[in-house]
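Count residues from 1 along the sequence. Reckoned from all heavy atoms, side chains included, excluding hydrogens, waters and symmetry mates.
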Amino acid sequence: MMKVLFFASYREQLNCNELALPPEEQPANLSALRQQLSEKGDDWREIMEDRRTLVALNQTMTRHDAELKDGDEVAFFPPVTGG
């Protein structure tokens with residue numbers, strides 16, 4: 001099972017904080033996961049296509065083409081602003 005988490009404004013925008021993907025629905029890499037999630041609707045597409053979206057793989061920030069495997073945890077975060 002692969003766990004996909006959404007934090008901060010993404011959780012509110014998607015009305016979803018977590019998805020569990022069984023092995024038969026798990027993509028091979030992060031780019032494919034983003035494409036798969038984009039197909040869920042306009043709000044999902046907006047977030048997944050935003051290149052500023054931050055992504056962690058197993059609690060470590062990662063690149064957008066990282067390989068995925070069963071048991072991974074992927075987390076999406078909105079871009080951080082400060083001031």
Side-chain angles (χ1 to χ4, degrees):
M1 192 72 65
M2 179 181 295
K3 186 186 293 187
V4 183
L5 305 171
F6 305 95
F7 289 95
S9 61
Y10 288 172
R11 177 178 48 218
E12 297 168 12
Q13 184 176 350
L14 300 174
N15 194 27
C16 177
N17 62 352
E18 180 178 327
L19 293 174
L21 299 178
E24 64 273 11
E25 294 179 19
Q26 295 173 12
N29 59 53
L30 190 53
S31 295
L33 174 62
R34 292 172 76 113
Q35 178 60 40
Q36 181 176 322
L37 294 174
S38 291
E39 295 169 1
K40 293 175 69 69
D42 291 341
D43 287 338
W44 294 82
R45 185 173 19 267
E46 179 182 325
I47 292 169
M48 294 302 132
E49 292 180 356
D50 186 343
R51 299 308 287 178
R52 298 172 304 155
T53 296
L54 303 173
V55 186
L57 175 59
N58 299 324
Q59 301 181 7
T60 301
M61 301 310 287
T62 190
R63 59 187 201 285
H64 289 267
D65 61 346
E67 299 294 316
L68 300 176
K69 64 183 181 319
D70 190 35
D72 280 344
E73 177 185 274
V74 180
F76 291 95
F77 304 85
V80 178
T81 60

Atom pair [atom1]/[atom2] of [X] and [Y] - distance to nearest 0.5 Å:
X     : Y     : atom1 : atom2 : value
Met48 : Leu37 : CE    : CG    : 5.0 Å
Glu46 : Asp43 : CD    : CG    : 6.5 Å
Lys3  : Leu21 : NZ    : CG    : 12.0 Å
Lys40 : Leu14 : NZ    : CG    : 9.0 Å

Shortest non-hydrogen contact from Ala66 to Thr62?
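Where Ala66 meets Thr62 most closely, the heavy atoms are CB-OG1, 3.3 Å.
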Exercise: identify the closest heavy-atom pair between Ala28 and Glu67:
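That closest heavy-atom pairing would be O-OE1, 3.3 Å.
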Does any non-hydrogen side-chain atom of Val4 lie less than 4.5 Å from one of Phe76?
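SC-SC contact between Phe76 and Val4 confirmed.
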Beyond-backbone contact of Leu19 with Leu5, side-chain heavy atoms, under 4.5 angstrom
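A side-chain contact under 4.5 Å is absent here.
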Residue pairs fulfilling ring-ring contact (aromatic ring centres under 6.0 Å, His included) with at least one residue in [range], sequence neighbours excluded:
range          : result
residues 21-74 : Phe6-Trp44
residues 16-42 : none
residues 20-43 : none

Can you sort out the partners of Asp50 under salt bridge (charged side-chain N to carboxylate O under 4.0 Å, His left out), two or more places apart, ordered by chain and number?
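Result, salt bridge (charged side-chain N to carboxylate O under 4.0 Å, His left out) vs Asp50: Arg52.
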Does the side-chain contact (heavy atoms from CB on, under 4.5 Å) test come out yes or no for Val55 and Val74, once each step is laid out?
CA-CA 7 Å; Val55 186; Val74 180; 3.8 Å; yes
Side chain to side chain donor-acceptor pair (under 3.5 Å) with [X]: which residues, sequence neighbours excluded?
X     : value
Arg11 : none
Arg63 : Asp65
Lys69 : Asp72
Gln59 : none

side-chain contact (heavy atoms from CB on, under 4.5 Å) partners for Pro78, two or more places apart
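With sequence neighbours excluded, Pro78 shows a side-chain contact (heavy atoms from CB on, under 4.5 Å) to Ala8, Ser9, Tyr10, given in chain and number order.
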Considering residues at least two apart in sequence or located in another chain, which fulfil the side-chain contact (heavy atoms from CB on, under 4.5 Å) criterion with Glu12?
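Glu12: no side-chain contact (heavy atoms from CB on, under 4.5 Å) contacts found.
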Got a sec, which pairs hit side-chain hydrogen bond (donor to acceptor under 3.5 Å, both in side chains) with one end in residues 14-26, sequence neighbours left out?
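Applying side-chain hydrogen bond (donor to acceptor under 3.5 Å, both in side chains) to every pair that reaches into residues 14-26, excluding sequence neighbours, yields Gln26-Asp70.
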Test log, rule side-chain contact (heavy atoms from CB on, under 4.5 Å), inputs Glu73 and Leu57
CA-CA 6 Å; Glu73 177 185 274; Leu57 175 59; over 6 Å; no
Other ILVMFWY residues reachable from Met1 by side-chain steps of under 4.5 Å:
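Besides Met1, the cluster holds no residue at all.
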